[in-house]
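Letters A, B, ... are given to chains in the order of the sequence lines, protein chains preceding strands, and every chain is numbered from 1.
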Number of protein chains: 2
Amino acid sequence: MKDKIIISGAGLVGSLWAVFLAKRGYQVEVYERRPDMRKLGGDGGRSINLAMSTRGWKALEKAGIKDEVMETALAMKGRMMHSTTGELTFQAYGKENQAIYSVSRAGLNRKLMDIAESHENVNFHFDMPCTGVNTRSAAIHFKNNISEEKSTLNASFIFATDGAFSAIRSSLQKTPRFNFSQYYLPHGYKELTIPATVSGDFAMDAESLHIWPRGEFMLIALPNPDKSFTCTLFLPFEGKSSFENLNTDEEIMHFFNSYFNDAVPLMPTLLEDFKNNPTSSLVTIKCNPWHLQHKILMLGDASHAIVPFYGQGMNSGFEDCTVLDELATKHKENWSKAIEEFNQTRIENADAISDLAIRNFTEMRDLVGDPMFLLRKKIAAWLHEKYPNDFLPLYSMVTFSNIPYADALKEGKAQDELFEQILSIFDVQKRWNSEEVIRIFEKWLKEKN
Amino acid sequence: MKDKIIISGAGLVGSLWAVFLAKRGYQVEVYERRPDMRKLGGDGGRSINLAMSTRGWKALEKAGIKDEVMETALAMKGRMMHSTTGELTFQAYGKENQAIYSVSRAGLNRKLMDIAESHENVNFHFDMPCTGVNTRSAAIHFKNNISEEKSTLNASFIFATDGAFSAIRSSLQKTPRFNFSQYYLPHGYKELTIPATVSGDFAMDAESLHIWPRGEFMLIALPNPDKSFTCTLFLPFEGKSSFENLNTDEEIMHFFNSYFNDAVPLMPTLLEDFKNNPTSSLVTIKCNPWHLQHKILMLGDASHAIVPFYGQGMNSGFEDCTVLDELATKHKENWSKAIEEFNQTRIENADAISDLAIRNFTEMRDLVGDPMFLLRKKIAAWLHEKYPNDFLPLYSMVTFSNIPYADALKEGKAQDELFEQILSIFDVQKRWNSEEVIRIFEKWLKEKN
């Protein structure tokens, strides 16, 4: 048996990382703040669906569990936009055979725990919140919520996967020259539901991610295997159209009838859901460094929580596992070296997807209704068809490739400049696939390389 | 007697704010983490000199203590740049009669405490660190370092002036939707000294702030009333020229002889100072909101610590007092309303000076040696002479006016555009005060208004 390794946090990233380490033969001890979610009903607090895409699948494949997860995943091939008058517009995410996949967060988490625990060198310890780090010895403190006992544990390496409100990061924040930011959007979110129809079918197209873009706010819906949709309303906390102004039944119904008229008949429990479900906030966490003494390393939301608008929160956390695993192989399991290189190279990629995710909120709630934006998407898809090796739209780089996020962001900025030129062509609506567009594109391509 | 008010932190801003509140007749209880610095020698940890300018003086005047502080202040009329070969170049900060003033941090702090305590409605409590906030009741926890006793105290209003590592802010950081960032420069600083000469005189010009700009790093020196200079070396922690590479006497002396040759003979205790004095870090703190329940309000470094390169750290903290005092008058001492408006309007100004301070580091360590930069300064001074009402250089807006920092930053950006045009005039070195410059300026002015 190899060294003992501690993982603090049995969420998605912690449970997956346990599988990676188990396969390498380490003794893995996973400590989790909450009770064992597999013994409880419900979803462990957050039921918002996940959109699994290429980076997530790659990590699951490496862990050998892709096929099993794929069984219950639902392909979403594009966005279905709902206008205020109920008109539908479909926009494919990528090529014919490309899709993102709706996956239940709770279901996936349970499955990952089961798979990790099926390795005899993995032990889970529940009801054991981490309460902080001794930043000199790099040992971590736990409290047993059942016995109230406190303990300080050590191991060869410790991985902090304790999420956006990481207790380990709270301790690291007080160490010298630790850069840190927490930024909250002025928007919150609330989950609602569209159940299956009486005849037991999906109430809307099941192969789409549905969006009701309304400028400052939006509603989205993702399909579930039980033929319901999980809906999420993203709305400012304060201001004219805001959570603070939706209190009475009349206010709530008037708001939904005004903006989401076609969805209201599909939501029989709208009022109860709206009043009973919590309003959650949307935080972005950045920090640097991600490690302490090359011995404690943060992964996933603990070091880089992002907003959900690019569908990359879990995908980027899973990619952490892929990248770190590759570095462990490269450095022959000299983990200090792997952690050093991970810290040197991964942070800029996390920062990039963090910025892209915030930017995509504007796209989803506002731009997807804009004709010029849709035209840009059309031209981008056309250029990608014509120049498959030289032009990959930003969305595809992020969602359907493993190109480092920072490279994707950089290429995306170059593409912004390209489209600034293309979209200023006179009468571009009619000439979107003209020789002139090709000329501009080829000049841009030549200058870029 | 009016309500009881608690101030946590008896540094510069806390002590000054105690004077403001005392004059309004409140019962002011000031709690300070450290022992009474007036009973100890030394400087309470940080001896770096302060550069008092217009905003600082305005606050001191309002508190009625300007004249007393001015007695020991030393006017610095400009920057004295030292080249690697020891050539000196002087650059005035403003007009003939304008200067910034070197003031001892420790001396000023002691004086402010004395003045605050001379009011019978002010009490200081030393050795009483704040350990956090009960964020529901908005009461604060203290520990008595002598008796080890813990207490939870409440008051009508609580002002947190407990500095860049504020314990109160640490608690607020955990409240919902609290935006926060701490950012460290890759540079640290170390204090050194140039004593008075054997004949008891200043070793260099006493009416200047001396700068040895060396690109990635710099040395500065400010005069003291005892005719010594306090020097500060700003240098990266890591890299080629860095603190981590200055360990042996040989390395230290070689570095100083290479870059600060003319200063070395003036620093007889250079090696001891370098090895004994700590290397400190440079943090920028931003957060939002600055208050809890309109009852606890952070002022000064607690909510907006900045780097020292614009000489505005203390000045901006003192301006907090001026602005809040004016709002208290405006709202007839309805402090909740004053705190609300302060929070709404002051944060963008703090953010602006924070960004300007980081930007000015580049100016001080690098640009002040650049001929084009010096030319820009010359043209700016000339334009200000010709158009005193329409053109005030950014440095003057920040240092010699009470224009809100955010407005100064905005105007500064407009001036950047102006100088981009002016400095691209052919042969501008010879034609810096030509008709063409005036034409460009007047066009810019017209478009701006």
Give each N or O donor-acceptor pair spanning chain A and chain B at a distance under 3.5 Å, with atom names and distance to 0.1 Å, or state none.
| unit_1 | atom_1 | unit_2 | atom_2 | d |
| --- | --- | --- | --- | --- |
| A:Q173 | O | B:Q182 | NE2 | 3.0 |
| A:Q173 | OE1 | B:Q173 | NE2 | 3.0 |
| A:Q173 | NE2 | B:Q173 | OE1 | 3.0 |
| A:Q173 | NE2 | B:Q182 | OE1 | 3.4 |
| A:F178 | O | B:Q182 | NE2 | 2.8 |
| A:N179 | OD1 | B:Y184 | N | 2.5 |
| A:F180 | N | B:Q182 | O | 2.9 |
| A:F180 | O | B:Q182 | N | 2.8 |
| A:Q182 | N | B:F180 | O | 2.8 |
| A:Q182 | O | B:F180 | N | 2.9 |
| A:Q182 | OE1 | B:Q173 | NE2 | 3.4 |
| A:Q182 | NE2 | B:Q173 | O | 3.0 |
| A:Q182 | NE2 | B:F178 | O | 2.8 |
| A:Y184 | N | B:N179 | OD1 | 2.5 |

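- In this structure, CD1 in B:I306 is found 9.0 Å from CD1 in B:I358, a value given to the nearest 0.5 Å.
- Residue B:I158 comes nearest to B:A138 through the heavy atom pair CD1-O, 3.5 Å, listed as atom of the first residue, atom of the second, then distance.
- Contacts between B:F178 and chain A at a heavy-atom distance below 4.5 Å involve backbone atoms as well as side-chain atoms.
- Within the 4.5 Å cutoff, side-chain heavy atoms of B:F274 are placed close to those of B:L246.
- B:L356 has its side chain out of reach of B:F309: every pair of non-hydrogen atoms, C-beta onward, lies at least 4.5 Å apart.
- A:F159 places none of its side-chain heavy atoms less than 4.5 Å from the side chain of A:V13.
- Between B:L233 and B:F255, some side-chain heavy-atom pair lies under the 4.5 Å cut-off.
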